[in-house]
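Have a look at the structure below before the remarks.
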Amino acid sequence: MSDKILIVEDEEAIADLEKDYLELSGFEVEIASDGETGLKRALNEDFQLVILDLMLPGVDGFEICRQMREKKNTPIIMVSAKKDDIDKIRGLGLGADDYMTKPFSPSELVARVKAHLNRYQRLVNSNAKENTVIEIRGLKIDKTARRVWVNGVEKNFTSREFDLLTFLAENPNHVFTKEELFRKIWDMDSVGDIATVTVHIKKIREKIEQNSAKPQYIETIWGVGYRFKV
Ligand code: CA
């Protein structure tokens, strides 16, 4: 999917020229020709970058930039016919990412658009934290979201069941006694006995095993305990 760009510009010839060049570079482009429309669309629609003229009928570029920054981090390139205005908006620190004085060459605009989109994408990627996921055959455990799926179907687990299943899955092929599991998952001071472990294993199996009598994930090692089979 190509990046979508909004041009907020009241001078039709300029807006069209910018649009043509950006479209030739593979972008999808929309034009808003007054401030009010521009502000509304910039806030409510999903654009990857906004090219914002300063002097506009209705709401001006200052105000659009200010209101956008309260809600969004979309890159903004501000353009103005007056060099003085550019200096002024820089000084205001409204949060625009770049400034250009008209007239500018359309190819320079395209180059800057690309640079800002790349920079923004890198920023977004570096902030995105991946969830820790364990996948074993049809079983998927998202440790971060604490959610479990069996063959694509989400199953609900209580907190202890989830902890027990995750602990076993993270230590595959290791036999744990019920005592070990109880100490590991339940607090040391917790009231209860190791029969709790058996009950929880049974409940987990009902959710993850096709056939609890012939478990493919959690095996019972008679006289010892349990093992997660990989
Ligand atoms: Ca204007």
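None of these values were measured; they are calculated from a predicted model. Start at 1 and go down the list; that is how both ligands and their atoms are numbered.
Contact check on Asp46 versus Arg41 returns no salt bridge, with no Lys/Arg side-chain nitrogen under 4.0 Å from an Asp/Glu carboxylate oxygen. Residues Arg147 and Glu154 are paired through a salt bridge, judged by an N-O separation under 4.0 Å between the basic side chain and the carboxylate.
Between Phe176 and Phe228, the distance from one ring center to the other does not fall under 6.0 angstrom.
Contact annotation: Met55 places an N, O or S atom under 3.0 Å from the Ca ion (ligand 1). With 3.0 Å as the limit, Asp10 counts as an N, O or S neighbour of the Ca ion (ligand 1). The distance from the Ca ion (ligand 1) to the nearest N/O/S atom of Glu11 is not under 3.0 Å.
Figure legend: cation-pi geometry between Lys207 and Phe157, with NZ or CZ positioned under 6.0 Å from the six-membered ring centre and within 45° of its axis.
The atom name of the N/O/S atom in Asp53 closest to the Ca ion (ligand 1) is OD2.
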